[in-house]
Amino acid sequence: MGFKFFAYGILAVAAFLFFLYFLGQTEQYKIENVDPFLYVGGFIVVAFIIYMFAKLAKR
């Protein structure tokens with residue numbers, strides 16, 4: 001459809017951040033202050049959705 005591969009790499013980074021967030025929530029890997037992983041991952045996903053619609057609107 002015309003999306004570049006770097007866009008999927010950005011989504012892979014967001015997925016990795018979500019993975020780290022949920023891993024930090026477990027009892028085995030109890031990490032303090034994992035909220036920034038969730039916020040940055042959510043921002044990346046929202047920015048990607050806006051990018052998709054902007055790219056489609058340009059056509």
Side-chain angles (χ1 to χ4, degrees):
M1 280 241 122
F3 292 119
K4 305 281 185 203
F5 281 110
F6 81 91
Y8 295 118
I10 291 171
L11 285 181
V13 169
F16 184 66
L17 287 171
F18 290 140
F19 174 73
L20 288 177
Y21 173 76
F22 289 116
L23 193 68
Q25 297 294 319
T26 61
E27 290 297 323
Q28 184 178 2
Y29 301 106
K30 192 62 180 162
I31 303 170
E32 292 182 22
N33 197 18
V34 291
D35 290 338
F37 292 139
L38 182 65
Y39 299 148
V40 173
F43 174 75
I44 290 172
V45 169
V46 169
F48 181 77
I49 291 172
I50 292 171
Y51 162 77
M52 261 191 344
F53 284 121
K55 189 167 179 82
L56 290 174
K58 285 175 117 178
R59 291 186 177 192

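Every heavy atom of this structure was used, including side-chain atoms; hydrogens, water molecules and symmetry mates were not. All residue numbers in this chain count up from 1 along the given sequence. Bear in mind that the values here come from a model prediction, so they are computed numbers and not experimental data.
Transitive grouping of hydrophobic side chains (ILVMFWY, heavy atoms separated by less than 4.5 Å) keeps Y51 and V46 in distinct clusters. Note on Y39 and V13: separate hydrophobic clusters, where clusters join Ile, Leu, Val, Met, Phe, Trp and Tyr whose side-chain heavy atoms are under 4.5 Å apart, directly or indirectly. Under the 4.5 Å side-chain heavy-atom criterion for Ile, Leu, Val, Met, Phe, Trp and Tyr, F43 and F22 are members of distinct hydrophobic clusters.
The shortest side-chain heavy-atom distance between L17 and I44 falls under the 4.5 Å cut-off. The side-chain heavy atoms of I10 and F48, taken from C-beta on, include no pair separated by under 4.5 Å.
Remark: I49 engages V45, F53 in a side chain to side chain contact (heavy atoms under 4.5 Å, CB included) (not counting sequence neighbours).
Looking at every heavy atom in both residues, G41 comes nearest to A14 through O-CB, 4.0 Å. In plain terms, the two heavy atoms of D35 and Y21 that are nearest each other are OD1-CE1, 3.8 Å.
With rounding to the nearest 0.5 angstrom, the CZ atom of F16 is 9.0 Å from the CG atom of L23.
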